[in-house]
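Working notes, structure below.
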Amino acid sequence: MKLTSVTLAAVLIGSTAFAAEVGPKEVKYNDDTAIEMSLTGMAGDPTKGAVIMGTKSKGNCVACHEITALSNAPFQGNVGPILDGAGDRWSAGELRGLVVNAKMMFEGSVMPSFYQVDGFTRPGNAYTGKAGKEPLAPLLSAQEIEDVVAFLTTLKDE
Ligand code: HEC
């Protein structure tokens with residue numbers, strides 16, 4: 001490949017973005033429940049966050065949570081609390097901590113850890129030995145987590 005200055009710049013920008021991203025194993029909780037620092041250093045996009053939360057192959061948060069703002073999602077479950085007003089109840093750091101690994105806030109939660117690659121409680125392994133080998137890919141990417149957090153912070157009661 002001929003390295004033009006354009007491709008070189010693209011490679012440099014690409015690797016800088018990667019270096020700035022906080023990986024699933026580097027996440028730092030500030031007080032065991034909140035992650036104050038953005039995982040990517042880039043603002044999340046609430047519109048994308050809403051799509052991720054309502055999409056089955058992505059966050060699929062609506063499988064367990066009702067969210068009035070996503071009322072056009074085909075199904076909304078009630079395993080977890082209604083998320084209306086979540087942006088009033090929790091800080092952005094707490095919401096990030098919750099989505100990355102809900103077990104930090106709620107011990108033994110059935111809510112999936114969306115940004116974790118190992119250390120899972122995995123009954124599948126004990127019962128069937130068929131659970132996949134860790135580390136697994138996180139359910140959501142760092143930027144997808146930021147998008148979801150950005151949308152959650154818009155969920156205000158007023
Ligand atoms: C398998 C069910 C399930 C899924 C899927 C799930 N959650 Fe939860 N979530 C829960 C439960 C249950 C709780 C309540 C805490 C507990 O007891 O574990 C909860 C709690 C929460 C809370 C705090 C509740 C409050 O007071 O506002 C937030 C915020 C939240 N979830 C966001 C999400 C987001 C965002 C997603 C998708 C990326 C998601 N959840 C996916 C089950 C789920």
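Order of appearance sets the numbers: ligands from 1, and atoms from 1 within every ligand.
Note on Glu36 versus Lys28: no salt bridge recorded, every NZ/NE/NH1/NH2 to OD/OE distance being 4.0 Å or above. Of the charged side-chain nitrogens involved, none lies within less than 4.0 Å of a carboxylate oxygen, so that Lys156 and Asp84 do not count as a salt-bridged pair.
By the side chain to side chain donor-acceptor pair (under 3.5 Å) test, Thr55 is found to be paired with no residue, residues two or more places apart in sequence or in another chain being considered. Applying the side chain to side chain donor-acceptor pair (under 3.5 Å) rule to Thr154 yields no partners; only residues at least two apart in sequence or on another chain are considered. Evaluation of the side chain to side chain contact (heavy atoms under 4.5 Å, CB included) rule for Asn101 yields Tyr29, Lys103, Met104, Ser113, Gln116 as partners, not counting sequence neighbours.
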Present, as a list of atom pairs with distances to 0.1 Å, all nitrogen or oxygen contacts under 3.5 Å between ligand 1 and the protein.
residue	atom	partner	partner atom	Å
ligand 1	7 (N)	His65	NE2	2.8
ligand 1	9 (N)	His65	NE2	2.8
ligand 1	18 (O)	Ser109	OG	2.5
ligand 1	26 (O)	Arg89	NE	3.0
ligand 1	26 (O)	Trp90	NE1	3.2
ligand 1	27 (O)	Arg89	NE	3.2
ligand 1	27 (O)	Arg89	NH2	2.8
ligand 1	27 (O)	Trp90	NE1	3.2
ligand 1	31 (N)	His65	NE2	2.8
ligand 1	40 (N)	His65	NE2	2.8

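If you check the side chains of Gln143 and Thr40, you find a donor sitting under 3.5 Å from an acceptor.
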